[in-house]
Amino acid sequence: MDTAPPSGANIAHFPTLDAAKLLQRDEGEIQNLLQACKTYGFFSLNLATTETSYMIDAWNDVLAFMDAYFDQPSEVKLKDERHSDIHGYEPCGTSTGATDERLDHYESLKVCLQISFTECKCRSENLAPALKQNLPLFETFIGGAHRLVMTLLECLTQALGNQIPAPLESFHDESQPTTSTMAMFRYPRQTEEEAAKGVGHNKHTDIGTFTFLLCRQWGLQVLSPVENKWLYVAPKKDHAIINVGDSLRFLTGNRLLSAVHRVLPFTHRQLEHRHSIAFFLRPADNTVYRDSKNRLVTARSWHDEKFDHFRASHEKQSAECILTGGMERSDRIVAFPSA
Ligand SMILES: O=C(O)CCC(=O)C(=O)O
Ligand SMILES: [Fe+2]
């Protein structure tokens with residue numbers, strides 16, 4: 001794990017759930033899951049169980065891959081750019097950053113879920129060559145993360161009972177097109193000059209259903225709905241962070257909260273490379289729900305609109321409230337779960 005934060009840094013407190021208990025449909029743990037999603041919109045998930053420890057091995061292997069991949073010269077990585085929000089490489093500075101006047105400071109490599117399901121996967125022209133060379137690793141990681149978040153959805157369906165019109169899993173039919181994606185992020189160490197241009201990852205809620213996030217270094221912050229202020233999320237060995245995204249909130253009639261979060265280094269610049277790995281579960285593209293502006297939209301159009309907003313100016317972002325899914329205004333939580 002990373003070094004401790006400076007004294008006085010505010011740390012978030014939120015529940016830890018056990019992956020094995022949820023896989024076994026433990027009734028008490030299912031209720032804990034529902035409470036965590038209603039009160040915080042995020043929780044930590046213990047992966048150090050017999051059924052899930054292979055994901056910790058896959059996490060280590062993906063980190064080793066990322067070290068080698070992101071160390072390559074930019075001109076090599078730019079060959080993997082696909083100008084897509086679900087495939088390929090994206091350099092730093094594509095979106096606005098965590099503070100005004102600056103751009104983001106992370107580069108990413110994305111692999112969409114479909115590689116785990118399509119038969120002619122090796123022929124997909126969207127896949128970067130480095131990914132093709134490591135397909136078994138990405139299939140294991142994506143397959144495992146997908147299974148875990150689908151389990152969480154099934155548990156929530158059980159807990160919500162007749163409060164929801166249809167099982168949450170039914171909006172995630174694997175034969176339908178979806179933007180579900182695995183993303184690998186590096187926040188490169190930066191010089192003073194680079195820090196004047198870019199910082200972290202702008203505040204947002206995630207677009208989809210559940211996000212499965214792995215990080216061993218500090219930097220992630222949540223806008224706590226309990227304390228209504230920004231708090232650091234302490235990295236916890238062998239645990240994933242799970243966020244409730246906009247789509248899950250909308251599909252449950254706003255009964256859950258989605259987590260408002262961002263990435264910001266302790267100091268004014270990134271002193272060491274920071275790595276994080278995410279699997280974003282999102283509903284099938286043609287799923288329809290009522291969004292935070294009370295419009296009926298498809299999951300695909302919400303996804304596309306939100307990515308356009310990531311790239312919009314800070315001014316436009318704060319005027320429109322798309323980036324934080326109607327959960328936040330001026331760094332304060334303004335949405336509360338409906339009964
Ligand atoms: O890098 C992280 O820890 C978080 C990334 C994130 O929130 C996102 O990509 O949605
Ligand atoms: Fe996020």
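Atoms within each ligand, like the ligands themselves, are counted from 1 in listed order. Heads up: numbering here begins at 1 and tracks the sequence. Everything numeric in this text was worked out from a predicted model, so none of it was measured. Heavy-atom basis, side chains included; hydrogens, waters and symmetry copies ignored.
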Using heavy atoms and a cut-off under 4.0 Å, could you grab the residues that are in contact with ligand 1, chain by chain, numbers ascending?
Phe185, Tyr187, His201, His204, Asp206, Leu213, His261, Val263, Arg274, Ser276, Phe280
Taking the side chain as C-beta and beyond, is there a heavy-atom pair between Leu231 and His13 under 4.5 Å?
no
Measure centre to centre between the rings of Phe43 and Phe14, then say whether the value is under 6.0 Å.
no
His309 backbone acceptor or donor facing Gln317 side chain under 3.5 Å
yes
Salt bridge present between Asp26 and Lys21 (N-O < 4.0 angstrom):
no
Rounding to 0.5 Å, atoms CZ (Phe210) and CG (Asn243) come to a distance of 10.0 Å
Would you say the side-chain atoms of Lys197 pair up with the backbone N or O of Leu103, donor to acceptor, closer than 3.5 Å?
no
Thr39 side-chain N/O to Ala36 backbone N/O, donor-acceptor pair under 3.5 Å
no
So which N/O/S atom does Asp206 have closest to the Fe ion (ligand 2)?
OD1
His204 N/O/S atom closer than 2.8 Å to the Fe ion (ligand 2)
yes
